[in-house]
Amino acid sequence: MITKQALGSTLFGMADILRDKVEDYKAYILSLLFFKRLSDNYEWENKNAVAEFEKEHGRLPTGKEEAVLYKKKHDFKIPEGCFWKDVREATIDKKNEALHKAVNGIAEANVDKDGKFFLKGVINTVRWNEPAPDGSGGKKLSPEVISLLVSYLDAVDLSNKNASVDVLGDAYEYLIKRFADENKGGTTAGQFYTPTEVRDIIVRYLKPQTSNMVYDPTCGSGGFLIDAAKYCKINYGNQKAIRLFGQEDVWNTWAIANINMILHGLDAKIEKGDTILDPKFKEEENELEIKRFDLVMANFPFSQENWWKNGEPKKDAKGKTVNKKDGSPQLEYPGKEDFSDPYERFVYGNPPFSNGDFAFLQHIVASLKDDGKAGVVCPQGVLFRGQSEKTEEEDGQNRKADDEYLIRRGFLQGPIDSNGEFTAMHNIVDAVVVLPGNLFYGTTIPGSILFINKNKPEHRKDKVLMVYAAKKGWYKEEPNMNVLLPHDMLRISTILESWGDLDLAKTWIDSQKARLKALIQEDLEYKLSEIEEYYHEDLTKLEAKLQKAQKAIADKETEDKKPTKTELKNLETARAAFEKLVAEKEGKIQAAHTQAEKERKAIDEVEQELLTMLQDPELRKRYFSVVDMEELEENEFNLNIPRYVDTFEPEEEIDLKAALSEFSAFVEAENKADQSIINLTNLIASTN
């Protein structure tokens with residue numbers, strides 16, 4: 001069986017073939033991977049079915065029996081002429097056409113009981129036979145490149161015989177992360193990938209239960225849903241113990257999410273469309289009623305402008321479009337007097353059309369059952385944007401409360417009717433985690449996690465846990481973005497789980513240490529496999545060169561001849577180059593082991609740090625605060641973390657005696673230097 005590290009490295013090698021040849025090359029690689037998986041597994045299932053029949057009946061099946069066996073064995077249909085081998089064996093001039101025919105044939109052949117072609121736009125999302133845009137008559141992706149890709153992937157058996165759903169699914173996710181890492185500074189990575197560490201914190205706090213319905217309204221490649229299924233597999237032995245639902249608006253990303261679910265062996269329902277304008281999950285008996293779920297996990301697009309698609313470009317006095325600094329047009333929006341959401345999601349107030357944060361949040365709240373919970377990645381602006389009402393006596397402005405303030409207050413106190421009266425006093429905000437900046441792909445905007453609970457326990461109904469996780473040193477700074485390490489995750493999750501209770505914290509830490517150390521080991525194995533892959537080809541070439549140089553000298557010695565200076569020089573050069581590369585490789589291996597050991601040690605150090613902190617009231621203030629409704633009201637429902645947690649770095653303590661001694665020594669040295677200069681000046685003057 002192939003390992004996920006080996007498969008991941010092999011698959012990512014295809015990126016080198018496609019890079020700079022097509023846009024969004026990940027779609028090409030992932031679609032081709034999916035096609036080969038279906039084809040390899042189909043043929044393996046056929047052989048397996050025949051072998052099982054022969055073992056049971058002592059004979060081979062007849063033609064009719066064989067057809068029945070095959071029908072029962074397959075989850076997907078592959079028509080004749082649409083197998084991997086048909087593409088592999090096609091002549092070079094027919095390669096594009098053969099691949100196009102195969103994936104479209106499979107897309108057309110797979111129809112569910114409702115008549116839906118469930119692989120359309122999934123397996124055939126890439127146009128393999130697309131003509132070159134220059135009108136030359138060639139192909140956008142040359143047949144030579146397709147042939148190279150097919151040959152590259154052909155060496156790997158992707159059937160269950162060699163690649164289990166766990167290995168294949170994890171390698172696929174590894175691939176998605178690598179694609180995201182390559183595009184850290186761009187916007188597309190953020191569309192399909194949320195850092196695994198953030199997903200882990202959210203999933204473990206929400207704790208999916210058997211029979212739960214879990215929903216992600218902006219699911220990207222489906223990471224939250226996959227993690228929820230994995231959580232159930234580990235805790236209940238069955239990854240299908242929950243039902244998974246997601247919606248995604250970007251075609252290629254929607255296809256990636258569907259492939260991700262299939263490769264993980266999950267029966268998820270992933271719909272395509274704009275979640276705000278066209279929510280796909282609705283109650284069967286009422287098309288205007290949003291379907292409700294047990295859990296929602298999401299990382300929606302931060303601060304999406306024009307989310308209702310009703311903005312019009314602003315014009316100046318001459319009718320010319322007014323642009324923003326980035327060159328995009330400024331937009332003007334109609335008033336909200338006549339606006340109403342047909343799905344009645346905005347019970348806490350209509351969000352500003354220029355910013356969709358509270359539109360997504362209210363969609364999420366509307367999608368929760370009465371006892372539902374959510375973990376949502378948000379820009380920190382949702383915690384404090386908006387101002388409360390002020391009378392003329394208070395500030396001389398007679399200012400009305402704005403929309404975002406009212407919605408946030410509604411989350412904390414309950415919705416109000418058209419007369420401004422509360423329809424219910426109900427706090428649904430459970431906890432807030434402020435994260436470091438530059439943690440998410442495609443944006444440097446500081447993020448946070450908002451945990452929502454529609455049915456909070458009695459002792460927490462009027463309280464909110466505020467967790468500060470953005471302190472310098474509580475995350476790893478990397479050149480392009482910041483990263484949460486396992487001990488950082490432990491710090492955040494322990495505070496969330498315990499709410500400051502020491503005994504709960506001890507229990508939680510005990511349950512997590514081994515798991516987090518296993519993650520460190522898994523990451524180490526990935527790094528070691530990558531190092532091995534990176535150096536393998538160059539070391540093989542250098543070793544062959546060294547052996548050739550050694551053989552040349554050995555042959556001379558066999559003939560009782562002296563090696564030439566050139567031969568000796570060649571040997572010396574080859575050996576030096578080989579040893580240098582071996583040393584470089586060993587250095588990277590050692591560095592990876594050192595880093596892993598450092599992270600394992602950090603787990604134990606953070607355990608002691610947390611247990612010390614929870615017993616020290618002054619230290620607790622720097623980590624978190626449990627805030628009651630009275631304090632929230634005093635702060636006008638502003639959830640900005642510095643209002644509740646001491647985020648200021650304590651000044652470094654100075655040893656006064658040591659400082660004075662150091663200062664005295666400095667003054668004495670300075671006096672000696674001055675005296676030396678005076679003596680030297682006098683000496684020069686006397687000699688003249």
Side-chain angles (χ1 to χ4, degrees), residues 197-198 201 205 375 377-388 405 408-409 411-412 427 429-439 444-451 459-460 462-477 482-485 487-506 508-509 602-603 605-656:
E197 300 81 13
V198 176
I201 289 165
Y205 190 58
V377 178
C378 308
Q380 289 182 22
V382 303
L383 306 177
F384 51 78
R385 280 198 314 259
Q387 294 179 314
S388 62
Y405 164 81
R408 184 172 55 252
R409 188 189 72 174
F411 283 4
L412 291 161
N427 169 28
V429 179
D430 183 46
V432 174
V433 179
V434 168
L435 297 167
N438 203 23
L439 193 67
T444 57
I445 296 173
S448 60
I449 306 173
L450 184 64
F451 286 103
H459 64 288
R460 294 182 185 171
D462 293 324
K463 291 181 173 60
V464 175
L465 173 65
M466 309 289 286
V467 183
Y468 179 57
K471 184 176 179 178
K472 194 170 180 64
W474 287 1
Y475 54 91
K476 183 181 180 184
E477 294 185 61
N482 296 322
V483 177
L484 294 176
L485 294 176
H487 60 276
D488 303 317
M489 295 158 61
L490 179 64
R491 187 183 287 111
I492 296 168
S493 66
T494 300
I495 297 170
L496 281 170
E497 288 297 324
S498 68
W499 275 58
D501 185 294
L502 181 60
D503 291 332
L504 288 177
K506 286 178 180 177
W508 176 255
I509 293 169
I603 295 282
E605 289 171 350
V606 166
E607 176 183 19
Q608 292 308 311
E609 170 200 323
L610 290 168
L611 298 180
T612 302
M613 174 271 292
L614 288 168
Q615 297 174 78
D616 185 333
E618 288 305 310
L619 269 178
R620 287 163 70 106
K621 294 175 185 176
R622 298 177 191 167
Y623 287 70
F624 71 96
S625 178
V626 177
V627 186
D628 59 28
M629 195 56 66
E630 184 179 348
E631 189 174 356
L632 290 167
E633 284 192 60
E634 286 174 5
N635 282 282
E636 297 180 330
F637 305 103
N638 187 317
L639 298 177
N640 197 16
I641 209 88
R643 292 178 178 244
Y644 310 100
V645 182
D646 181 5
T647 62
F648 293 101
E649 298 292 332
E651 291 184 13
E652 187 180 349
E653 290 186 7
I654 297 172
D655 185 330
L656 216 53

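Scope of the values below: all heavy atoms of this structure, side chains included, with no hydrogens, waters or symmetry mates.
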Student: Pairs under 3.5 angstrom only: tabulate donor-acceptor contacts from the side chains of residues 491-498 to other protein residues two or more places apart or in another chain.
Tutor:
residue: Arg491; atom: NE; partner: Glu609; partner atom: OE2; Å: 2.9
residue: Arg491; atom: NH1; partner: Asp488; partner atom: OD1; Å: 3.2
residue: Arg491; atom: NH2; partner: Glu609; partner atom: OE1; Å: 3.1
residue: Ser493; atom: OG; partner: Met489; partner atom: O; Å: 3.0
residue: Ser493; atom: OG; partner: Leu490; partner atom: O; Å: 3.3
residue: Ser493; atom: OG; partner: Trp508; partner atom: NE1; Å: 3.0
residue: Thr494; atom: OG1; partner: Leu490; partner atom: O; Å: 2.6
residue: Glu497; atom: OE1; partner: Lys207; partner atom: NZ; Å: 3.0
residue: Glu497; atom: OE2; partner: Lys207; partner atom: NZ; Å: 2.5
residue: Ser498; atom: OG; partner: Thr494; partner atom: O; Å: 2.8
residue: Ser498; atom: OG; partner: Gly500; partner atom: N; Å: 3.2

Student: Is any side-chain heavy atom of Tyr644 closer than 4.5 Å to a side-chain heavy atom of Asn635?
Tutor: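 Tyr644 vs Asn635: side chains touch.
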
Student: How would you list, by chain and number, every residue that makes a ring-ring contact (aromatic ring centres under 6.0 Å, His included) with Phe384, sequence neighbours excluded?
Tutor: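 Phe384: no ring-ring contact (aromatic ring centres under 6.0 Å, His included) contacts found.
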
Student: Can you find a pair of side-chain heavy atoms, one from Asp628 and one from Asp462, that are under 4.5 Å apart?
Tutor: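 Not in contact.
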
Student: State, yes or no, whether a side-chain contact exists between Asp430 and Trp499 at a heavy-atom distance under 4.5 Å.
Tutor: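 Yes - at least one pair of side-chain heavy atoms lies under 4.5 Å apart.
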
Student: Find the distance between CD (Glu607) and NE2 (His487) and round it off to the nearest 0.5 Å.
Tutor: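 The CD atom of Glu607 sits 14.0 Å away from the NE2 atom of His487.
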
Student: With sequence neighbours excluded, what pairs up with Arg385 under the side-chain contact (heavy atoms from CB on, under 4.5 Å) test?
Tutor: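 Testing Arg385 for side-chain contact (heavy atoms from CB on, under 4.5 Å), a comparison that skips the adjacent residues, returns Ser303, Asn355, Asp357, Val382, Glu404.
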
Student: Do Thr647 and Val434 have side chains that get closer than 4.5 Å, going by heavy atoms?
Tutor: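 No, every pair of side-chain atoms sits at 4.5 Å or beyond.
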
Student: For the residue pair Arg408 and Gly386, what are the closest heavy atoms and their distance?
Tutor: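 Here Arg408 and Gly386 meet closest at NH2-O, 3.9 Å.
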
Student: What distance separates Glu605 CD from Gln608 CD, expressed to the nearest 0.5 Å?
Tutor: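 Going from the CD atom of Glu605 to the CD atom of Gln608 covers 9.5 Å.
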
Student: Please enumerate all residues that pass side-chain contact (heavy atoms from CB on, under 4.5 Å) together with Pro446, with sequence neighbours excluded.
Tutor: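 By the side-chain contact (heavy atoms from CB on, under 4.5 Å) rule, Pro446 matches Gln380.
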
Student: By side-chain hydrogen bond (donor to acceptor under 3.5 Å, both in side chains), which residues pair with Lys621, not counting sequence neighbours?
Tutor: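 Lys621: side-chain hydrogen bond (donor to acceptor under 3.5 Å, both in side chains) contacts with Glu618.
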
Student: For Trp474, check ring-ring contact (aromatic ring centres under 6.0 Å, His included) against everything at least two apart and list the hits.
Tutor: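 If we apply the ring-ring contact (aromatic ring centres under 6.0 Å, His included) test to Trp474, skipping adjacent residues, the hits are Tyr623.
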
Student: Which pairs count as salt bridge (Lys or Arg N to Asp or Glu O under 4.0 Å) when at least one residue sits in residues 634-644, sequence neighbours excluded?
Tutor: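 Matches after skipping sequence neighbours: Lys390-Glu636.
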
Student: So, does Asn640 use its side chain to make a donor-acceptor pair with the main chain of Pro642 at under 3.5 Å?
Tutor: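 Answer holds: no.
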
Student: Looking at every non-hydrogen atom in both residues, tell me the closest pair between Asn427 and Val464 and how far apart they are.
Tutor: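 Smallest heavy-atom distance, with atoms named: ND2-CG2, 4.0 Å.
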
Student: Measuring from Glu633:CD to Ser388:OG, what's the distance to the nearest 0.5 Å?
Tutor: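 Here the rounded value is 12.0 Å.
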
Student: How would you list, by chain and number, every residue that makes a side-chain contact (heavy atoms from CB on, under 4.5 Å) with Asp501, sequence neighbours excluded?
Tutor: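 Asp501 satisfies side-chain contact (heavy atoms from CB on, under 4.5 Å) with Asp503, Leu504 only.
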
Student: With sequence neighbours left out, what residues match Glu477 under salt bridge (charged side-chain N to carboxylate O under 4.0 Å, His left out)?
Tutor: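 Only Lys472 meet the salt bridge (charged side-chain N to carboxylate O under 4.0 Å, His left out) criterion with Glu477.
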
Student: Over all heavy atoms of both residues, which pair between Asn482 and Gly437 is shortest? Give the atoms and the distance, please.
Tutor: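 Taking Asn482 first and Gly437 second, the nearest heavy atoms are ND2-O, 2.7 Å.
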
Student: Which heavy atom of Leu614 sits nearest a heavy atom of Ala505, and at what distance?
Tutor: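 Where Leu614 meets Ala505 most closely, the heavy atoms are CD1-CB, 3.4 Å.
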
Student: Give a yes or no on whether the backbone of Asn438 and the side-chain of Thr444 come within a donor-acceptor separation of less than 3.5 Å.
Tutor: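 No, the answer is negative, given that no donor and acceptor are paired below the 3.5 Å cut-off.
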
Student: Any idea which heavy atoms bring Met466 and Val645 closest together, and the distance?
Tutor: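 Looks like O-CG2, 3.8 Å.
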
Student: In the structure I gave you, are the side-chain heavy atoms of Arg620 and Met613 within less than 4.5 Å of one another anywhere?
Tutor: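 Arg620 vs Met613: side chains touch.
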
Student: Return the set of residues passing ring-ring contact (aromatic ring centres under 6.0 Å, His included) with Tyr205 (not counting sequence neighbours), or none when no residue passes.
Tutor: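 Here the qualifying residues are Phe451.
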
Student: Is there a side-chain contact between Ile641 and Ser625 in this structure, where contact means two heavy atoms from C-beta onward sitting under 4.5 Å apart?
Tutor: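 Result no, sub-4.5 Å side-chain heavy-atom pair not found.
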
Student: Residues two or more places apart in sequence or in another chain: which of them pass side-chain contact (heavy atoms from CB on, under 4.5 Å) with Ile445?
Tutor: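 Testing Ile445 for side-chain contact (heavy atoms from CB on, under 4.5 Å), a comparison that skips the adjacent residues, returns Phe302, Pro379, Thr443.
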
Student: Do Ile201 and Val433 touch side chain to side chain, with heavy atoms closer than 4.5 Å?
Tutor: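 No - every pair of side-chain heavy atoms lies 4.5 Å or more apart.
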
